[in-house]
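Encoded as structure tokens, the structure appears first; notes follow it.
Numbering of residues begins at 1 and proceeds along the displayed sequence. Below, each value reflects all heavy atoms present in this structure, side chains not excepted, and no hydrogens, waters or symmetry copies.
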Amino acid sequence: MDPDPSRPVERSIRTKLTDQLTPDHLEVHNESHMHAVPPGSESHFRVLVVSSQFEGLPLIKRHRLVNEALKEELSSCVHALAIQAKTPEQWGSNPSLAKSPPCLGGSRGDHTVEEKLKAGRE
């Protein structure tokens, strides 16, 4: 499935994870709509990456590989990234994506959030 061209951050996340981790399965979910951000934002994501590159690695090292691949996005426009990093064997025995908890509204009182998100995209 081709990523939506109106979603440049999601497209970048998908491309970088595909190029660097050659996943057997990849899901990228924009969960920004679940948070106190303007409509159409690309600031909160959940990724599921299934890769043989995770074989023998503890969870923290798997997360570090994902974070390293997305360091540019994490230092600019992505405010939150939930990661599920599984080996093909783990995915085969439990092919599910965890659900995100509801937003507690941490940025609801921050009236500059729209400006910050816009600045992160530029």
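Listed by first and then second residue, the salt bridge (Lys or Arg N to Asp or Glu O under 4.0 Å) pairs that reach into residues 47-64 come to none, sequence neighbours excluded.
Under the rule for a ring pair (Phe, Tyr, Trp, His ring centres under 6.0 Å), the partners of His25 that lie at least two apart in sequence or sit in another chain are Trp91. Listed by chain and residue number, nothing satisfies the salt bridge (Lys or Arg N to Asp or Glu O under 4.0 Å) test with Glu89 (two or more places apart in sequence, or in another chain).
Within the model, atoms CG of Asp24 and NZ of Lys86 stand 13.0 Å from one another, a figure rounded to the nearest 0.5 Å. How far CD of Gln20 is from OG of Ser51: 11.5 Å, rounded to the nearest 0.5 Å.
Leu81 and Val50 fall into different hydrophobic clusters, where Ile, Leu, Val, Met, Phe, Trp and Tyr are joined by side-chain heavy atoms under 4.5 Å apart, directly or via other members. Phe45 and Leu48 end up in different hydrophobic clusters when Ile, Leu, Val, Met, Phe, Trp and Tyr side chains are linked at under 4.5 Å.
At most 12 heavy atoms of other shown residues, nucleotides or ligands fall within 6.0 angstrom of atom CD in Glu72.
For the pair Leu26 and Leu21, the minimum side-chain heavy-atom distance is 4.5 Å or more. For the pair Glu42 and Glu10, the minimum side-chain heavy-atom distance is below 4.5 Å. The shortest distance between side-chain heavy atoms of Leu97 and Gln84 falls below 4.5 Å.
A pairwise comparison of heavy atoms in Pro23 and Leu17 identifies CD-O, 3.6 Å as the closest pair. Ser93 and Pro95 make their closest contact through C-CD, 3.8 Å (heavy atoms, listed as atom of the first residue, atom of the second, distance). Residues Ser41 and Asn30 come closest through the heavy atom pair O-ND2, 3.1 Å.
Of the possible polar contacts, one joining the Ser32 side chain to the His44 backbone as a donor-acceptor pair under 3.5 Å is found.
No salt bridge links Glu27 with Arg46; every basic N to acidic carboxylate O contact stays at or beyond 4.0 Å.
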Trace of the side-chain contact (heavy atoms from CB on, under 4.5 Å) decision for Ile13 with Val78: CA-CA 10 Å; Ile13 289 170; Val78 173; 4.3 Å; yes
